[in-house]
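See structure below.
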Amino acid sequence: MEFNKIRQYLLQKCRTDAARERVEELRFHTRLDYLERALQQTHEYKMSLDSTDHFPNDFTRNMQRELKMLKIPGAVLKGDELRALQQLALSINEITQWFKRHNELYPRLRELMAETAYEKEISRIIGSVIDEAGNVRDNASNELMQIRSDLDKQRAQLRRVFEGILRKLNKQGYLADISEGFLNGRRTVAIFAEHKRIVKGILHGESDSGKTVFIEPEETIELNNDLSALERAESREIHRILADTTRQLSVYHPQLERYFQLSGLYDFIRAKALLAQDLNAEMPRISPHPGVQLVKAYHPLLLLHNKQAGKPVVPLNISLDRQERLLMISGPNAGGKTVSMKTVGLLQTMFQAGLLVPADPNSEMGIFKQIFIHIGDTQSIENELSTYSAHLRDMKYFVEFANGKTLFFIDELGSGSDPNLGGAFAEAIVEELAQKRALGIITTHYLNLKVMAGKVNGIYNGAMAFDEENLEPLYNLTIGKPGSSYTFAIAQRTQLSAKIIDRARQLTERGHFKLDKMLHQTEQQSVRLGDKEKYIDKVIRENEKLKAQYETLIDKERLKQHYETLKLQNKIKKEELDYLRDTERKFKQIIHDWKKTENKQEVIESAEKILFRRKQIEQNVSAAKKADKKYITTARAPQIGDLVRNKQNHQVGRITEIKDKKAILKIGKLPFTVQIEEWITVQAREEPVKGKKK
């Protein structure tokens, strides 16, 4: 199924060794709680990637060695190592603060931190002695501060003396280089070799040519000795400070170990989320029962490959459940049978490894205890097994161990043997697997397997579509019918001799050829019908678009002419429109008054008297009283199946569907699309109110 390639893509997304180890250990899981948690974590992280406030797991250094040393008594961590531990702790603090900013969001990511708290003492201990560059601070101890102060004074004095010596020797013409040098950690001057006996001091070396010697002047020997002593004292004090700091941190080893594990875990989840982004992967619905219902599913590797090449990928819709357990896919060679089968197998493996899958979120995937795969040539020279012998060996295993929690994939069942005998064995194997109630997909060219769908319970057909005109596969899987192999069509298109083709037709068993021809014709009719459906869908979409544009134009015109009228039209029925036309003159006066007067309520009241029939108002009041007698307001958020009442005309209907801020109601037997905010939930008085005692 090429899951290792998915693993390689995932490894490329990892930034930490801990995450890479988790990817290497990624395996097939069968526990529902684990899969729900792993998938939801990845889904939440993928959501955070689309946010401007990204998840702050930026710590990527491998700290295994440092954490091991913390457990060893007397161990000493260097300054940069202590600084890395501080950064690790601070990264956990950033994650904690991030969750506080996103209260109640990302529950599965948040629960990983449930037993982990940021220990600020860790950062304080390290920060008090180590600076941001990983060096020990001057004020880490009083002793170090004094030593470094003395060092600064000693270096300044040495520099002044040395500069004086350089000026003097330069005037005397003894210097080969006017700049100072360092040799064996000591300050030296470069002197021409012929003057080396004139300049007093310690000879530390000479150039490769022998023309220049390097001498530590006599005047600076004692100063250099004092400087070296101070530097050794500084090193001892730094070592003492680092040892003391390491000892203080050792008590926080469990917390730091947990921080490190969390940083690796979050990086692992991040890698899965980034891969999901590349694949446009989603989280399907999870079922505890074996089954697969994929909607608009894509083969992930094919999707990545075609994305780079700028080619489209045809999505796959497929379903395996307890009623339709075994799908028999047929069709021409290179038509996509094996790819379709591998798509299901790879997505199921990814799903049970806790990875999001490139399919519509309305897909549903169940949990299988075992997956059996037989794809490709399995002959073995070492074991003296032919292709067909190896094939039967695998089928023996499938039949013996398959059960209702098995998902199996068999490519070209029965191939490698005599067509009649191979077909007979294949049919017997399929019958046995069907009786075992295993779920699976089989690709085949055998006609006797194609016709099993009408004879054996649980088996159904699928055909790969083929464009006979252009001799090109369409990669569409059509469920419910078998497919033709297009043997003769392909032979004709490849310009094989007509004589050979005709002779092949004569040799072909008549019933066999007749069935394949029937499948051929049916499939082509289906392709043509599909093209017509696409054309009709296109026309419908264009008509809907034109309709929307037309309605928009009408709305704009109404807004232009009757801006203030729209507020009142919501309260009247369609039959009142004629009445409004009769009051055009009065309406113009209302508009004039509205612009002039400050008392808007007074204008509204006069508009109601002119534009609304008092009878309608009385009807609304009457309808409200009747509704109050029959229904009680529950004040719950509307849900599918609830009774709801209109806030204006007090009509009552039942919700059948909710889409964002709109809902579909049934009032009587008729469905209506309404704004859900204009309705309130109610309960019939004779029925007990939900959530309350009667």
Side-chain angles (χ1 to χ4, degrees), residues 1 3 6 28-36 38-40 42-43 46 276 279-300 302-303 313-330 336-373 402-410 433-434 436-443 453 456-465 475-483 640 657:
M1 292 298 175
F3 183 74
I6 297 295
F28 187 81
H29 290 271
T30 58
R31 285 175 48 198
L32 177 64
D33 59 340
Y34 172 85
L35 289 176
E36 285 181 333
L39 290 167
Q40 188 63 39
T42 309
H43 175 66
K46 180 170 173 276
L279 296 173
N280 297 323
E282 300 286 351
M283 179 176 173
R285 297 196 305 269
I286 304 174
S287 171
H289 307 294
V292 180
Q293 184 182 356
L294 292 175
V295 180
K296 295 181 181 178
Y298 296 89
H299 191 290
L302 183 62
L303 186 68
V313 182
V314 180
L316 174 72
N317 296 316
I318 199 166
S319 178
L320 295 172
D321 53 37
R322 292 176 179 177
Q323 282 69 44
E324 294 183 327
R325 302 187 299 276
L326 201 157
L327 174 61
M328 199 79 64
I329 302 180
S330 51
K337 298 190 301 296
T338 303
V339 172
S340 296
M341 181 173 64
K342 282 187 172 184
T343 299
V344 179
L346 184 53
L347 295 195
Q348 186 65 35
T349 309
M350 289 174 63
F351 167 75
Q352 292 199 227
L355 300 176
L356 302 184
V357 295
D360 191 280
N362 290 319
S363 302
E364 182 171 288
M365 304 184 76
I367 298 176
F368 293 91
K369 295 293 184 182
Q370 49 193 13
I371 295 182
F372 295 165
I373 305 168
N403 55 45
K405 296 182 179 180
T406 301
L407 179 63
F408 67 86
F409 302 95
I410 305 174
L433 289 172
K436 294 272 188 175
R437 306 194 70 79
L439 282 70
I441 299 176
I442 296 173
T443 67
V456 180
N457 185 34
I459 300 177
Y460 69 112
N461 277 311
M464 301 307 301
Y475 304 112
N476 279 319
L477 176 62
T478 304
I479 300 298
K481 64 174 186 178
I640 294 175
E657 188 175 349

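Owing to the predicted nature of the structure, the values given are computational and were not obtained by experimental measurement.
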State, to 0.1 Å, how close [X] and [Y] come at their nearest heavy-atom pair, and which atoms those are.
X    : Y    : result
L356 : L39  : CD2-O, 3.7 Å
N457 : A434 : O-CB, 4.4 Å
L346 : I6   : CD1-CG1, 4.1 Å
I442 : F408 : CG1-CE1, 3.9 Å
L303 : P358 : CD2-CB, 4.3 Å
A402 : L433 : CB-CD2, 4.0 Å

I want to check something: taking the side chain as every heavy atom from C-beta on, are [X] and [Y] in contact at a cut-off of under 4.5 Å?
X    : Y    : answer
I479 : L327 : yes
V292 : L439 : no
R322 : H289 : yes
L407 : L320 : yes
N317 : K296 : yes

Judged by atom type as modelled, is there a donor-acceptor pair below 3.5 Å linking the side chain of Q352 to the main-chain atoms of H29? yes
Quick one: pull up [atom1] in [X] and [atom2] in [Y] and give me the separation to the nearest 0.5 Å.
X    : Y    : atom1 : atom2 : value
M365 : M350 : CE    : CE    : 9.0 Å
T338 : M341 : OG1   : CE    : 5.0 Å
Q348 : F3   : CD    : CZ    : 12.0 Å
Q323 : Y460 : CD    : OH    : 11.5 Å
M328 : I441 : CE    : CD1   : 11.5 Å
F368 : T349 : CZ    : OG1   : 10.5 Å

Might you work through the side-chain contact (heavy atoms from CB on, under 4.5 Å) test for E282 and V357, ending with a clear yes or no? CA-CA 6 Å; E282 300 286 351; V357 295; over 6 Å; no
Please step through side-chain contact (heavy atoms from CB on, under 4.5 Å) for the pair T343 and L302, ending with a clear verdict. CA-CA 9 Å; T343 299; L302 183 62; over 6 Å; no
Can you confirm whether more than 12 heavy atoms, excluding those of R285, are under 6.0 Å from its CZ atom?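 Yes.
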For D360 and S363, does a side-chain donor sit closer than 3.5 Å to a side-chain acceptor? no
Stepwise side-chain contact (heavy atoms from CB on, under 4.5 Å) test for Q370 and N403: CA-CA 9 Å; Q370 49 193 13; N403 55 45; 3.5 Å; yes
side-chain contact (heavy atoms from CB on, under 4.5 Å) between I329 and L477, worked out: CA-CA 8 Å; I329 302 180; L477 176 62; 4.1 Å; yes
